[in-house]
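Have a look at the structure below before the remarks.
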Amino acid sequence: MTTPSRAVTRNPEGILRFAAPQQFYPLAGTLAPWFAQAAAVLTAIGLYIGFFVAPTDFQQGEVYRVIFIHVPAAWMSMLIYLVMAFWAAVGLVLNTRLSFIMCQALAPTGAMFCFLALWTGALWGKPTWGTYWVWDARLTSQLLLLFLYFGFIALTRAIEDPRRADRAGAIIALVGAVNVPIIYFSVQWWNTLHQGASVSLTKAPSMATTMLAGMLVMALAAWMYAIAVALWRVRALILERERHTEWVGEVLEAEGRAR
Amino acid sequence: MLSAFLAVLRRDLLLAWRGRADLLVTLAFFVVVVCLFPFGVGAETNQLRAIAPGVLWVAALLASLLALHRLFAQDHADGTLEQLLLSSEPAVLWVLAKICAFWLTTGLPLVLAAPALALLFDIEEGALPVLTLSLALGTPILALLGAVGAALTLGVRGGGMLLALLVLPLYVPVLIFGAGAVEAWLGGSGAAAHLLLLGGGLAGALALAPWACAAALRIAME
């Protein structure tokens, strides 16, 4: 089974001691509700700005307001993949189990944001471009990113031995991260070769300040949400992995008594 | 070091030759898939001509994907892989030898068969060398990337579908530049840029994929 990582055996000081699942579990439990509350508040503010303060777009009318969900979701989906690749690299280099757990805890959230971006994009595309989907470079690379997420999740779930699942997942996350820019540029080139830019996504009209503010607040809310959900998922994964240890028994008993 | 490379290459080629029926299956799959398309889209010559590069490339991609599980499965089952990992030779070396043998036995037949199949789609004859060259540069990349996926899914339940899910998104750039080379030539803009990019991709994959594959094999065999 899994061998204890070096971080545990050496008992390091300072922030590194949270690399041990046993130390991180309570910390995540303390932090997660704060992030969740921040996410809720920011979402409320962001949606208020988006729906009531921001002016109606003179070209697209009210439909543009999907931007307040669409753009933050697209940003998060790309960012989370990079963060996953970062934790995968940290895990492979430092041999810390928690990094792999973090990597796997982030994946479903990233996939969710990726799907959300595609879905809202399709709903936005229909009234503005007259079609749900164009094989535009951005849309296509976003779709491929979703497939990369699916691949990562499927691989880590299919392997039963957690140690192997961790490492195999880390390798595919890194391979994917190397390929993301290649995919993006190849798709962009392919698209420009095939058809003229019938729909230009890059020529964004200059944005009203309130629109930008709403979008940024929503992006922050997405950050907070992603962090909160990832922390909760990390806690669940830690409990699952460490269920044979003594401290998990103690923690669960204490939590049961508190209830 | 070179002798270890050659020994593994020779062994894999010999094994492939002994079980050559398996190799013919890959080739037959390629041929059948390509021949399915006219039934699906209609036998109108102009249309067939337009889709031919894409069809041939997608079929070659699927055929090499289908063969991937064979790359390590047998050696995994009979313990050869363990012995190879325990040996003092660098893993990257024999992994590369295995991938080479794999490409020679599955990729190369596709490359050779493609021009003949292209004639069924009435492609201009001048485009045939471009098609062959693009496949000759592209299919090794498919083998190299696929080897990483094959090593990661070694012995995992549902491995075949999982392998496809892992590897197919990574194949997209190869498909774009491969089919794009033929189309660019047909369009009159010359295929040099696409072929150079494929060559660059091959150099990059050759440098990086064997390492990732060796690491994945070590993880799988722990």
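All values reported here derive from a predicted model rather than from experimental measurement. Within every chain, numbering begins at 1; the chains are lettered A, B, ... in the order of the sequence lines, protein sequences first and strands thereafter.
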Contacting moiety of [X], where chain A heavy atoms sit under 4.5 Å:
X	result
B:L154	both
B:L162	side chain
B:A220	both

Do you know which two heavy atoms are closest between [X] and [Y], and how far apart they sit?
X	Y	value
B:L152	A:L155	O-CD1, 4.1 Å
B:V156	A:R164	CG2-NH2, 3.7 Å
A:A154	B:L165	CB-CD2, 3.8 Å
A:I183	B:P173	CG1-CG, 3.8 Å
B:R157	A:R157	NH2-O, 3.5 Å

Is there a donor-acceptor pair closer than 3.5 Å between any side-chain N or O of A:R163 and the backbone N or O of B:I219?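 Looks like no, no N/O pair under 3.5 Å.
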Below 4.5 Å, heavy atoms only, C-beta onward: do A:F147 and B:L168 meet side chain to side chain?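 No. Closest side-chain heavy atoms not under 4.5 Å.
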Is any side-chain heavy atom of B:L170 closer than 4.5 Å to a side-chain heavy atom of A:L148?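 A side-chain contact under 4.5 Å exists here.
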Would you indicate whether [X], at its atom [atom1], is surrounded by more than 12 heavy atoms from other residues, nucleotides or ligands within a distance under 6.0 Å?
X	atom1	answer
A:W133	CH2	yes
B:E125	CD	no
A:W223	CH2	no
A:W247	CH2	yes
B:Q47	CD	yes

Extract all donor-acceptor atom pairs below 3.5 Å that involve side chains of residues 64-71 of chain B and protein atoms in other chains or at least two apart in sequence.
| residue | atom | partner | partner atom | Å |
| --- | --- | --- | --- | --- |
| B:S64 | OG | B:A60 | O | 3.0 |
| B:S64 | OG | B:L61 | O | 3.1 |
| B:R70 | NH2 | B:T26 | OG1 | 2.9 |

From CG (A:L174) to CG (B:L208), nearest 0.5 Å: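 With rounding to 0.5 Å, CG (A:L174) is 11.5 Å from CG (B:L208).
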Set of side chain to side chain contact (heavy atoms under 4.5 Å, CB included) partners for A:S77, sequence neighbours left out: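 Residues passing side chain to side chain contact (heavy atoms under 4.5 Å, CB included) with A:S77: A:F113, A:C114, A:Q142, A:L145.
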Options A:I182, A:I172, A:V178, ranked by heavy-atom pairs under 4.5 Å with chain B, top entry: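 Highest number of pairs under 4.5 Å: A:I172.
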Chain B interface, residue from A:G151, A:A168, A:A158 that has the most non-hydrogen pairs under 4.5 Å: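 Heavy-atom pair counts peak at A:A158.
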